[in-house]
Amino acid sequence: MKIKNILVSATMIGALASCNLDEVYYSQTTPDNFIENEVTINQLLTRPMNHWAYVVNEYMVEVNEESADCFVWPARSTGDGHDGQNRPNMRNHTMTETDNWADTGWKEALQGVARCMDVIEKLENVDYAALNIDPAKKDAHICQMKAFMGFFYMVGLDWYGGLPIYESTSEPMKGRSTAKQTFDYTEQLLKDAIAGLPVRESLNEEVNGFMKKGAAAMILARLYFNAESYIGVQMFDECQKLCEDIISGVYGPYELEMNWKDLFGFNNHYCPEILWGTPADWNYRKNDWYHLHDGMFPYKIYKYFGISYPGFNTWCHNGESLTPSRDPEYNKYIDTKPEIKLGSPYEKFDDGDQRKKLYRYLGNGDYEGMFLIGKLQDPEFPERATDYERSYGPYAPGDKDENIVVIYDKMAPWAFLKENLTKEQIQEYDRRGIKMYDTKAEMPSTFTNCADEGDGVRLMKRPIPDDRDPKLQGTPCSPNVRLTEVYYTLAECKLRKGDKQGAADLINAVRKRYFDGGADPNPVTASNLDKYRMLDEWLIEFLGEGRRRTDLIRWGAFHTEKWWDHEPTNNKNVCRMPLGDSVMGSNHLLKQNPGYGGNELSPEEV
């Protein structure tokens, strides 16, 4: 089976099954005769970009956050929780070949590659001059697809190691190349793309999903930044050079956005900090709030938001939240378990940080706060209050209004604490054999022990307008590469070379925007900057943006460190995911990653 057949069906992506199916078109217009002007060329280019929008905003967030220390989708007393063993296995680093994640990542990466390659081959046969299009644009369009191909290959490399390397859609089924071969091919794709992509011309160019040189250069910098994880070779010098060039304007003008709300606000498609982002119209069309929004929302959150968007409440799953920073007695883990350096995401934000407060939409496109925490009732509109889906009585410490959801930064089966139950409830639970607790101290805090509806802080990375401004719904774009990443990447490169002060200066240039008057109460210094402070800074700035797993692996922390209820495996094999059963079963040339299904490859091969 040729790689172009990956485009036929999502269930066949990456499978490379033995049957040789060809694409069938049910009209007289095929991709070969469809291209008649620049509009149709742009439509062709957006096919792989739509796939990219899904991978980067949903799947990367899901896999890279839920397997790490900042997010959890717990079992809840409302009946919601993880689906089978998929989430528990990801969280415990006990992934298997039968998990949905194992198949999906491989398929999504190779589908992206196939889509890009298909577009390149179609464009190569187009006579731009005959269509009255500047022939120079042809090279730029092909380089655009090479940049996206490089991105998809790097995603697969990050998750699995070596992938099959394809250079045309007519090639037959292939086995895996090594991680080094995959790395080298990805590097060449990105270098070729950078050479032919346009440079950003102004600070306020609109984000439209297409890459400019600066975005592709930063994707290449990511490849070098994590090279030691991928191929066992440090390439921080190469990474540093790219970052320095981006900051100095070699790839066009970019600058830090000093109003933090404009990074994710309703007009962020003109933000001078964003190098690459998913356009707002894609977010709106796809209802793409998943994992950044609706997966975390308690039921009936529309009441607090003051909205009546059609179907909005059907997207509220009351599922994922931040991992807790406090124990069932509401003591900070930072104080009670200082030996655990990772996790506790909400408390990693300093008091005074403008983001560390309850999210509220203020009207006219303005908002405050980045979290759902505390009582979900708007003080300006008391009628805007989210009530509990079920009524067990008080759900949280000190909560005197059992009708309003109160979000607490803890995770415990509060509904089964005896002091919160009536005599009749205790008798009924006892009759049914339901575990109850006499004191807060004896309550467990794990993602399997029935958290309550109000447990776990929820992230509001992008704002949602109320009914006063319905035209703003879905308008923030998703920043996928921004200049802050360039600053922090350069800072870590400097840290690893011993230039702690240079690293601190770069991080502090960003941190000050979150405090009134730029008065940071806890700036990074040469004396307090180490591995854990660097990881904390990545956590604070990029919470929920789909990179945490990769950052932990780069520092050797993913498989060796504790956080909240997670015990380390001390098994480096978990830094790569297994190839799923359907992928392995449909391509006899593929070999499994070490530690899974027979350990068919050596670490050097992948």
Side-chain angles (χ1 to χ4, degrees), residues 3 6 14 16 48 52 55 60 105-106 108-117 119-121 139 142-197 211 213-243 245-246 251 481 489 493 550 553-554 572 575-577 579 587 589-594 600-606:
I3 192 172
I6 288 175
L16 302 176
W52 157 73
V55 171
M60 283 182 66
W106 183 272
E108 299 302 343
L110 285 184
Q111 184 187 21
V113 169
R115 287 176 183 270
C116 294
M117 201 173 296
V119 173
I120 289 172
E121 292 177 356
D139 184 53
I142 290 174
C143 286
Q144 190 72 224
M145 292 297 96
K146 286 186 176 181
F148 275 85
M149 273 184 66
F151 170 81
F152 285 120
Y153 263 116
M154 189 174 70
V155 169
L157 177 67
D158 187 77
W159 290 339
Y160 298 98
L163 276 73
I165 294 177
Y166 290 98
E167 298 183 19
S168 79
T169 60
S170 61
E171 290 185 285
M173 179 172 60
K174 290 185 174 183
R176 299 177 68 177
S177 297
T178 65
K180 181 63 166 61
Q181 291 167 333
T182 306
F183 182 98
D184 291 345
Y185 185 49
T186 304
E187 179 187 30
Q188 191 59 55
L189 285 168
L190 292 170
K191 284 183 173 181
D192 290 347
I194 293 169
L197 288 173
M211 280 205 221
K213 283 184 185 289
M218 190 56 210
I219 298 300
L220 181 57
R222 283 184 185 176
L223 184 71
Y224 292 151
F225 195 42
N226 296 290
E228 189 171 15
S229 302
Y230 298 156
I231 58 173
V233 178
Q234 289 192 2
M235 300 187 72
F236 294 114
D237 288 343
E238 294 85 344
C239 177
Q240 179 168 336
K241 179 63 166 61
L242 283 167
C243 292
D245 285 348
I246 294 169
Y251 300 107
V481 179
T489 301
C493 288
T550 304
I553 290 174
R554 187 177 62 257
K572 197 171 182 179
C575 296
R576 288 202 172 117
M577 294 193 294
L579 279 65
N587 181 353
L589 299 177
L590 295 176
K591 292 185 178 182
Q592 185 59 268
N593 273 331
E600 297 181 52
L601 291 180
S602 69
E604 292 73 23
E605 290 180 286
V606 296

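We number each residue from 1, following the sequence as shown.
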Please report the C-alpha distance between Leu163 and Tyr185 in whole Å, then the side-chain angles of each, then the deciding distance to 0.1 Å, and finally whether the side chain to side chain contact (heavy atoms under 4.5 Å, CB included) criterion is met.
CA-CA 10 Å; Leu163 276 73; Tyr185 185 49; over 6 Å; no

Ignoring hydrogens, what is the shortest heavy-atom contact between Arg576 and Ser229? Give both atom names and the distance.
NH2-O, 3.9 Å

Test Lys241 against Asp237 for salt bridge (Lys or Arg N to Asp or Glu O under 4.0 Å), laying out the working first.
CA-CA 6 Å; Lys241 179 63 166 61; Asp237 288 343; over 6 Å; no

No-hydrogen, no-angle side-chain donor-acceptor test under 3.5 Å, Asn593 and Arg176
yes

So how far is it from Thr186 OG1 to Met154 CE, rounded to the nearest 0.5 Å?
8.0 Å

For Leu590 against Lys174, the heavy-atom pair lying closest together
CD2-O, 4.2 Å

Please give me the minimum heavy-atom distance between Cys575 and Ile553, naming the atom from each residue.
O-CD1, 3.6 Å

Within-4.5 Å side-chain heavy-atom neighbours: Tyr230 and Leu223:
yes

Any sub-3.5 Å donor-acceptor pair from Lys213's side-chain atoms to Ala195's backbone N or O?
yes

Counting N and O atoms only, with roles assigned by atom type, does the side chain of Gln144 sit under 3.5 Å from a partner on the main chain of Leu197, one being a donor and the other an acceptor?
no

Quick check for you: to the nearest 0.5 Å, what is the distance between Met218 atom CE and Ile194 atom CD1?
11.0 Å

Spacing of Met149 atom CE and Leu190 atom CG [to the nearest 0.5 Å]:
10.0 Å

May I ask you to test the Trp159-Met60 pair for a side-chain heavy-atom distance under 4.5 Å?
yes

Under the 3.5 angstrom rule, does the side chain of Asp192 hit a backbone N or O of Cys143 as a donor-acceptor pair?
no

If every non-hydrogen atom of Thr489 is compared with every non-hydrogen atom of Cys239, which pair is closest and at what distance?
CG2-SG, 3.3 Å

Please tell me whether Tyr224 and Gln240 have a donor and an acceptor in their side chains that are separated by less than 3.5 angstrom.
no

Does any N or O in the side chain of Tyr166 come within less than 3.5 Å of the main-chain N or O of Leu110, such that one atom is a donor and the other an acceptor?
no

State, to 0.1 Å, how close Val55 and Glu108 come at their nearest heavy-atom pair, and which atoms those are.
CG2-CB, 3.9 Å

Hey, could you give me the CE/CZ distance between Met235 and Phe183, rounded to the nearest 0.5 Å?
4.5 Å

Side-chain donor or acceptor of Tyr160 paired with backbone N/O of Trp106 under 3.5 Å:
yes

With rounding to the nearest 0.5 angstrom, report the CD1 to CG distance, Ile246 to Leu220.
9.0 Å

Between Asp184 and Gln188: side-chain donor-acceptor atoms closer than 3.5 Å
no

I'd like to know if the side chain of Asn226 reaches the main chain of Arg222, judged simply by a donor and an acceptor atom lying under 3.5 Å from each other, with no hydrogens or angles considered.
yes

What distance do Leu157 atom CG and Thr182 atom OG1 have between them, rounded to the nearest 0.5 Å?
6.0 Å

Which pair of non-hydrogen atoms, one from Gly196 and one from Asp139, has the smallest distance, and what is that distance?
CA-OD2, 3.9 Å

Taking it one step at a time, do Cys116 and Phe152 satisfy side chain to side chain contact (heavy atoms under 4.5 Å, CB included)?
CA-CA 9 Å; Cys116 294; Phe152 285 120; 4.0 Å; yes

